[in-house]
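Accompanying notes for the structure given below.
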Amino acid sequence: MRPPADKVTPISGFPELLPAERLAELHFLDTIREVFELHGFAPLETRAVEPVERLLGKGGDAEKEIYGVSRLAGDDSGRDAALGLHFDLTVPFARYVLEHAGRLQFPFRRYQIQKVWRGERPQEGRFREFTQADIDVVDVGELAPHLEAEMPLVIAEAFRRLPVGEFRIQVNNRQVPEGFYLGIGLTDVAGTLRIVDKLDKIGPEKVAALLVEAGATPEQARLALALADIRSSDLSFVDEVRALGVSHPTLDAGLEALAAVITVGMQRAPGTLVADLRIARGLDYYTGTVYETQLVGSEDWGSVCSGGRYDSLASDGRTTYPGVGISIGLTRLVHLLVTKRGLTASRSTPAAVLVAVVDEESRTRSDAVAAALRSRGVPCEVAPTAAKFGKQIRYADRRGIPYVWFPGAGESGQDQVKDIRSGEQADADATTWDCPAADLRPTLLTSQG
RNA sequence: GUGGGUGUAGCUCAGCUGGUAGAGCAUCGCGUUGUGGUCGCGAGGGCCGCGGGUUCAAGUCCCGUCACUCACCCCA
């Protein structure tokens, strides 16, 4: 049954914000973009669709997550038949690199901030349409290991400029658990990772039981859990792993790579990167280093920024372009801060000034004031009606606009501007008045943290 | 895809063993005829998600359906 056409209802997983919240999100966007550009990442946007074939096979059960695109009235036998909306920005980027390799300079650094779509069941902080802010570096043939440390440090720099509170970027290398599992005789690496990953939710006893159920011996389960328990913000994790007495060449390679990343992190941003041998998630094209980011005190929100190294995602069969990248889940981050920590903007409009209108005959005078203010960079709007001044002030108050401008209100007919928070009103000239810098743009507010 | 919960005013919700729809907030108006916020008074606003059934009578009970939501799966 279809509801009446004039009944509007939200669509689950397709979030929409109110203006003040959107202003807060834009502040995040601007800040993130500025930091990305400070680090020399080139801007890039890719089309929203990719051939379904390319999206598939890049992730385990990506298929059920992909939204197909079709024309309502079309028979889909034509050339558009197999298009799907991208579910992340890394797979399209890999395709872009292959397509434009001849015109790019390597190593190629780019940032990309776009909507992505995933056909999953929405929950708190999980959406079907959301924005990711992504940085990646790809090179030809070989990729310098220091880039694996750089990616999360760029994110850390952006986060430090935003009201997200304390955060931790957890780093692991998939070769560590892989080599470790193989070293103790567990050959189903992916399956084991999936079970161990439930540790936070169901606890060690149940994880051990599941591992045994999946064919591991109790001793293998014990060792897998012991590995998952290791974390450190320095290099002590290496000795802790060694102490478990397992050896395998893949494990050695993973430990070395992870130690290198943590070493750089310790030098450049002490305490920010944490080696955590439990984390292993993310899309399954990752082959080495992987990242997850949690806000301290809000770990139950899940990761707000993840990524990793992928060695074979971009390959034309002859040349391979290994890459590493990390992606901020902007929609999740902002949505959770808005709903859980009261993040919002100080007003619901960019306007710092409402220019009052005395009567409709003098509206052009108000328009001229507004034009003068705008020419000097002061965002403003003119009152929609020449209502009583009380109403015009209330119009500004409701929107959080701090100043109301009264043309010709002074004793000798000069303009006046009123700060409606303090009630102070003084003579002013639109061609010289300085809007206090703190009031020029909406500022961010949080109720806590 | 699997399992649970919930659908009543713009928002948050109340509505008992069935008896013709309520509160707070928000909005608008007036008190206050061109300087707001407080206070007082008043007004507007409801296919009680949709369809069917039981009944003299359904917001209330039953069935179906859709939507939202939580958990699983997966993930930002």
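In what follows, every heavy atom counts, from backbone to side chain, and hydrogens, waters and symmetry copies are set aside.
Residue A:Glu166 qualifies as open at atom CD: its count of foreign heavy atoms under 6.0 Å is 12 or below. Counting non-hydrogen atoms of other residues, nucleotides and ligands closer than 6.0 Å to CD of A:Glu424 gives a total of 12 or fewer. Within a 6.0 Å sphere centred on CD1 of A:Ile11, heavy atoms belonging to other residues, nucleotides or ligands number 12 at most.
As rounded to the nearest Å, B:G15 and B:G29 have P atoms that lie 34 Å from one another. If you take atom C1' in B:U8 and the same atom in B:U55, they sit 22 Å apart, rounded to whole Å. Across the C1' atoms, B:G18 and B:A58 are found 6 Å apart, a figure rounded to whole Å. The P atoms of B:C68 and B:C63 are separated by 23 Å, rounded to the nearest whole Å. A gap of 46 Å separates the P atoms of B:G44 and B:G1, to the nearest Å. Comparing the same atom, P, in B:A21 and in B:G36 gives a spacing of 41 Å after rounding to whole Å. Distance check on atom C1': B:C73 versus B:G10 gives 37 Å, rounded to whole Å. B:G22 and B:C62: their P atoms are spaced 25 Å apart (whole Å).
For A:Asp311, the side chain to side chain contact (heavy atoms under 4.5 Å, CB included) partners two or more places apart in sequence, or in a different chain, are A:Thr287, A:Arg309, A:Pro322. Under the salt bridge (charged side-chain N to carboxylate O under 4.0 Å, His left out) criterion, A:Arg347 pairs with no residue, sequence neighbours left out. Every residue meeting the side chain to side chain contact (heavy atoms under 4.5 Å, CB included) condition with A:Ala387, not counting sequence neighbours, appears here in chain and number order: A:Thr385, A:Lys391, A:Gln392.
Where RNA chain B pairs in unbroken runs of 3 or more (Watson-Crick or G-U, both distances under 3.5 Å), the stems are B:1-7 with B:66-72, B:10-13 with B:22-25, B:27-31 with B:39-43, B:49-53 with B:61-65.
Among the heavy atoms of the strands, none lies under 4.0 Å from A:Tyr395. Using a 4.0 Å heavy-atom cutoff across all strands shown, A:Ile11 reaches sugar-phosphate atoms only and no base atom. Residue A:Val404 is classed as having no contact, given no heavy-atom separation below 4.0 Å to the nucleic acid. Among the protein residues, A:Gly125 comes within range of the nucleic acid bases, having at least one heavy atom under 4.0 Å from a base atom. Within the 4.0 angstrom heavy-atom criterion, base atoms lie near A:Val357.
When the side-chain nitrogen and oxygen atoms of A:Arg194 are compared with OP1 and OP2 of B:C74, one or more of them lie within a distance under 4.0 Å. Regarding contacts with the backbone of B:U69, a side-chain N or O of A:Ser12 is found under 4.0 angstrom from either OP1 or OP2.
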Polar pairs (N or O, both sides) under 3.5 Å between protein and nucleotides 24-30 of chain B?
from: B:U27; atom 1: OP1; to: A:Arg398; atom 2: NE; distance (Å): 3.4
from: B:U27; atom 1: OP1; to: A:Arg398; atom 2: NH1; distance (Å): 2.5
from: B:C28; atom 1: OP2; to: A:Arg398; atom 2: NH1; distance (Å): 3.3
from: B:G29; atom 1: OP1; to: A:Lys391; atom 2: NZ; distance (Å): 2.5

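Regarding A:Phe14, its CZ atom lies at a distance of 12 Å from the P atom of B:U69, rounded to whole Å. Atom pair A:Leu210:CG and B:C73:C1' shows a separation of 14 Å (rounding to whole Å applied). Taking atom CZ of A:Phe130 as the reference point, atom C1' of B:A76 lies 5 Å away to the nearest angstrom. When the C1' atom of B:A67 is taken as reference, atom CZ of A:Arg128 falls 11 Å away, rounded to whole Å. We find that CZ of A:Arg399 is positioned 13 Å from C1' of B:G36, with the value rounded to whole Å. Rounded to whole angstrom, the span from the NZ atom of A:Lys206 across to the C1' atom of B:C72 amounts to 13 Å. One atom, CD1 of A:Ile155, and another, P of B:A76, lie 13 Å apart when rounded to the nearest Å. If you measure from atom CD1 of A:Ile401 to atom C1' of B:G36, you get 13 Å, rounded to the nearest angstrom.
A distance cut-off of 5.5 Å between ring centres, combined with a plane angle under 30°, leaves A:Phe127 outside any stacking arrangement with the base of B:A76.
Note that CG of A:Asp88 and CZ of A:Phe93 are 12.0 Å apart. Values are rounded to the nearest 0.5 Å. Taking CZ of A:Phe36 as the start and CZ of A:Arg110 as the end, the distance is 9.5 Å to the nearest 0.5 Å. A:Thr250 contributes atom OG1, which lies 5.5 Å from atom CD of A:Glu178 (distance to the nearest 0.5 angstrom).
Comparing A:Glu124 and A:Leu330 by the nucleotide of RNA chain B that holds the closest heavy atom to each, the one mapping nearer the 5' end is A:Glu124.
With ring centers used as reference points, A:His335 lies 6.0 Å or more from A:Phe130.
The minimum heavy-atom distance between A:Asn173 and A:Gly254, with the atom names listed, is CB-O, 3.8 Å. The two atoms that bring A:Arg341 and A:Val164 nearest to each other are NH1-O, 3.0 Å, heavy atoms only. A pairwise comparison of heavy atoms in A:Val353 and A:Val378 identifies CG2-CG1, 3.9 Å as the closest pair.
Contacts between residues 195-204 of chain A and RNA chain B, counted as heavy-atom distances below 4.0 Å, involve A:Lys198, A:Lys201.
Taking only side-chain atoms of A:Gln123, from C-beta outward, the nucleotide of B:C68, B:C73, B:G36 with the closest atom is B:C73.
Checked by atom type and distance alone, the side chain of A:His86 pairs as donor or acceptor with a backbone atom of A:Lys115 at under 3.5 Å.
Not a single donor-acceptor contact under 3.5 angstrom links the side-chain atoms of A:Arg121 to the base of B:C74. Side-chain N/O atoms of A:Glu120 and base N/O atoms of B:A76 include a donor-acceptor pair closer than 3.5 Å.
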